[in-house]
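Please read all numbers here as calculations on a predicted model, not as lab measurements.
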Amino acid sequence: MKKVAAVFVSIGVILVIAGLVMVGIFGGDTLKNFSWGDLSGVFNHNLESADTVVDYGADELNGLSKIELDVDNYSVYILPTDEEKLSVKYINPNDDDISIQVAYDQNTSALKVTERDNVKIHFFGFGNKRFIAVYIPQTELFVKSDLTISASTAGIKVTDVAFASVKCFAKTGSVNIDGITVDVLNAETNTGSVNLDKITCRELSATTNTGSVNVDGISASGRVELRADTGSINCDVTADALYIDTDTGSINFDATANSITVKTDTGSVHGTVLGDKNDYNITTRVGTGKSNLSNQTAANGSNKVLNVTVDTGYVRIDFKADA
């Protein structure tokens, strides 16, 4: 009993020391403001709390072709505004180790918003409630520009805006995009979810290494590509071509497309295809598991394609006639 008690005492001491180290390294402010929102996809920042505002009128952004945000641990919001000016609003870090710069580079025609943690030890910054919100007028100048966002440990949310292209990358944090019109959309995160909703585009790609990909209400005139290394993929897509691939995770889809390719190494596949089954050339390969599909050649010479490959798992895909 004495040995058991000694073990528990030792563990307790280790945990206390670890807690003190956490406070010492990450700072009390970081822990106090900790939130799982940027990882889970639920953004709960109070945008009215911004204490710093930088405005640009259209005449100050003459020739604008791109908007670029590069942040370490500030969450990013891109939102529409009825105002004629672009506004960048954020909470001032009040920290000598953190700097935020907002500038228009006429040489590259880019508006750049940059946040840097110069100490580089707050690597759990995704829990920080600090944010940068950029309010975009939906005028021709901005609609024809490209948006690029790169975040180290923070979440990204883009809502109800239009751009020529949108590219979002988060190392640790979720990417949430909804209600946008864009030519090409790329959304990627290493650790976190990608959530896309009500998007009109030509091409779309969404990728996560560890986390889920959730796509709903997508209308694409070209190709939609969804990938996850470890995580599920759930989608409702209308496109010319749909490609879904996960190493480990389930796939659930509703699709209207001329070409559909579904792959998973380990996981089940459930899907509904809007269209006549006889119009599709079907190829299905299942290593260990079962499938309700059989290989077939389209009866009427159609060039529509459905390819399903599963190493370990089962497949059920149904067809629903056009309404």
**Prompt:** Taking Asp276 for the side chain and Ala321 for the main chain, is one N or O donor matched with an acceptor at less than 3.5 Å?
**Reply:** no
**Message:** Would a single hydrophobic cluster contain both Tyr243 and Val262, if residues Ile, Leu, Val, Met, Phe, Trp and Tyr are joined by side-chain heavy-atom contacts under 4.5 Å?
**Reply:** no
**Request:** Please determine if Lys89 forms a cation-pi arrangement with Tyr135, meaning its NZ or CZ atom is less than 6.0 Å from the six-membered ring centre and no more than 45° off the ring axis.
**Result:** yes
**Shortest non-hydrogen contact from Asp146 toward Ser165** = OD1-OG, 2.8 Å
**Prompt:** Counting N and O atoms only, with roles assigned by atom type, does the side chain of Gln138 sit under 3.5 Å from a partner on the main chain of Ala162, one being a donor and the other an acceptor?
**Reply:** yes
**Asked** Is Thr153 reaching over with its side chain to a backbone N or O of Thr172, donor-acceptor style, under 3.5 angstrom?
**Response** no
**Message:** Between Thr189 and Ala170 (side chain of the first, backbone of the second, donor and acceptor by atom type, cut-off under 3.5 Å), is there such a pair?
**Reply:** yes
**Asked** Ser212 pairs by side-chain hydrogen bond (donor to acceptor under 3.5 Å, both in side chains) with which of Thr210, Thr208, Asn214?
**Response** Asn214
**Prompt:** Same hydrophobic cluster for Leu141 and Val158, using side-chain heavy-atom links shorter than 4.5 Å among ILVMFWY?
**Reply:** yes
**Prompt:** Does Glu115 use its side chain to pair, donor to acceptor, with the backbone of Asp72 at less than 3.5 Å?
**Reply:** yes
**Prompt:** Leu147 and Tyr104: same hydrophobic cluster, using ILVMFWY side-chain contacts below 4.5 Å?
**Reply:** yes
**Nearest non-hydrogen partners of Val102 and Tyr56, listed with the distance** = O-OH, 3.6 Å
**Item:** From OG (Ser65) to CZ (Phe142), nearest 0.5 Å
**Value:** 12.0 Å
**Asked** Going by heavy atoms in the side chains, are Asp216 and Lys198 under 4.5 Å from each other?
**Response** no
**Prompt:** Do Thr272 and Asp318 get their side chains close enough for a donor-acceptor pair, meaning under 3.5 Å?
**Reply:** no
**Asked** Under a 4.5 Å cut-off applied to non-hydrogen side-chain atoms, are Asn303 and Asn258 in contact?
**Response** no
**Asked** Ser49 and Ile91: which non-hydrogen atoms are nearest, and at how many Å?
**Response** OG-CD1, 3.6 Å
**Request:** Kindly say whether Thr246 contributes a backbone atom to a donor-acceptor pair with the side chain of Thr264 at under 3.5 angstrom?
**Result:** yes
**Prompt:** If Ile, Leu, Val, Met, Phe, Trp and Tyr residues are connected whenever their side-chain heavy atoms lie under 4.5 Å apart, and connections chain through other members, are Val286 and Leu306 in the same group?
**Reply:** yes
**Message:** So Ser145 and Lys66, do their side chains get closer than 4.5 Å, heavy atoms only?
**Reply:** no
**Asked** Quick one: OG1 on Thr108 to CG on Leu64, what's the gap to the nearest 0.5 Å?
**Response** 9.5 Å
**Fill in**
Heavy-atom nearest pair, Leu293 first then Thr284, reads O-CG2, 3.5 Å
**Asked** How many angstroms lie between atom OG of Ser250 and atom CG of Asn234, to the nearest 0.5 angstrom?
**Response** 6.0 Å
**Request:** Any chance you could lay out the side chain to side chain contact (heavy atoms under 4.5 Å, CB included) test for Val237 and Phe253, step after step, and finish with the verdict?
**Result:** CA-CA 8 Å; Val237 171; Phe253 72 89; over 6 Å; no
**Prompt:** Can you tell me how far CG of Leu242 sits from CD1 of Ile244, rounded to the nearest 0.5 angstrom?
**Reply:** 4.0 Å
**Ile156 and Tyr77, any side-chain heavy atoms less than 4.5 Å apart** = no
**Request:** Apply side chain to side chain contact (heavy atoms under 4.5 Å, CB included) to Ile132 and Val88, showing your working.
**Result:** CA-CA 7 Å; Ile132 296 174; Val88 181; 4.0 Å; yes
**Prompt:** Would Phe169 and Thr148 satisfy side chain to side chain contact (heavy atoms under 4.5 Å, CB included), going step by step from the backbone distance to the final call?
**Reply:** CA-CA 8 Å; Phe169 171 72; Thr148 301; over 6 Å; no
**Prompt:** How long is the gap from CG on Asn195 to CG on Asn176, to the nearest 0.5 Å?
**Reply:** 4.5 Å
**Item:** Electrostatic pair Asp178-Lys157, nearest N-O below 4.0 angstrom
**Value:** yes
**Request:** Say whether, by atom type as modelled, one donor and one acceptor occur between the side chain of Glu83 and the main chain of Ile136 under 3.5 angstrom.
**Result:** no
**Nearest atoms (heavy-atom pairs only) where Lys171 meets Ser152** = CB-O, 3.0 Å
**Item:** For Asn307, the option from Asn281, Ile260, Thr283 that meets side-chain contact (heavy atoms from CB on, under 4.5 Å)
**Value:** Thr283
**Item:** Exercise: do Asp51 and Asn92 side chains pair donor with acceptor under 3.5 Å
**Value:** no
**Asked** Do Lys277 and Ile282 have side-chain heavy atoms sitting under 4.5 Å apart?
**Response** yes
**Asked** side-chain contact (heavy atoms from CB on, under 4.5 Å) with Ile78: which of Asp160, Ile177, Val134, Ile180?
**Response** Val134
**Prompt:** How about Asn300 and Asp279: does a side-chain donor come under 3.5 Å of a side-chain acceptor?
**Reply:** yes
**Asked** Quick one: do Val113 and Val54 end up in the same hydrophobic cluster if we chain Ile, Leu, Val, Met, Phe, Trp and Tyr together by side-chain heavy atoms under 4.5 Å apart?
**Response** yes
**Message:** Can a donor-acceptor pair be found, under 3.5 Å and without considering hydrogens, that links the side chain of Ser302 to the backbone of Lys304?
**Reply:** yes
**Item:** Pair Asp70, Thr114: side-chain N/O donor-acceptor within cut-off below 3.5 Å
**Value:** no
**Evaluation steps, side chain to side chain contact (heavy atoms under 4.5 Å, CB included), between Val194 and Leu196** = CA-CA 7 Å; Val194 176; Leu196 310 177; 4.0 Å; yes
**Request:** Might you point out which heavy atoms bring Ile67 and Leu86 nearest each other, and give the distance in Å?
**Result:** CD1-CD1, 4.0 Å
**Asked** Side-chain contact, heavy-atom cut-off 4.5 Å: Leu226 with Val215?
**Response** yes
**Message:** Between the side chains of Asp245 and Lys263, is the shortest nitrogen-to-carboxylate-oxygen separation below 4.0 Å, so that they form an ion pair?
**Reply:** no
**Asked** From Glu60 CD over to Lys85 NZ, what is the distance, rounded to the nearest 0.5 angstrom?
**Response** 10.0 Å
**Request:** Measure up the Phe319 and Tyr280 rings against each other and bin them: parallel (under 30°), tilted (30 to 60°), perpendicular (over 60°).
**Result:** tilted
**Item:** Minimum side-chain heavy-atom gap Ile98-Arg130 below 4.5 Å
**Value:** yes
**Message:** Could you tell me if Asn186 and Ser205 have a donor-acceptor pair between their side chains, going purely by distance under 3.5 Å?
**Reply:** yes
**Prompt:** Taking everything shown except Gln106 itself, do over 12 heavy atoms lie less than 6.0 Å from its CD?
**Reply:** no
**Message:** Does any part of the side chain of Val269, heavy atoms only, come nearer than 4.5 Å to the side chain of Asn252, both counted from C-beta?
**Reply:** no
**Validation row, ring centre Tyr90 to ring centre His45 under 6.0 Å** = no
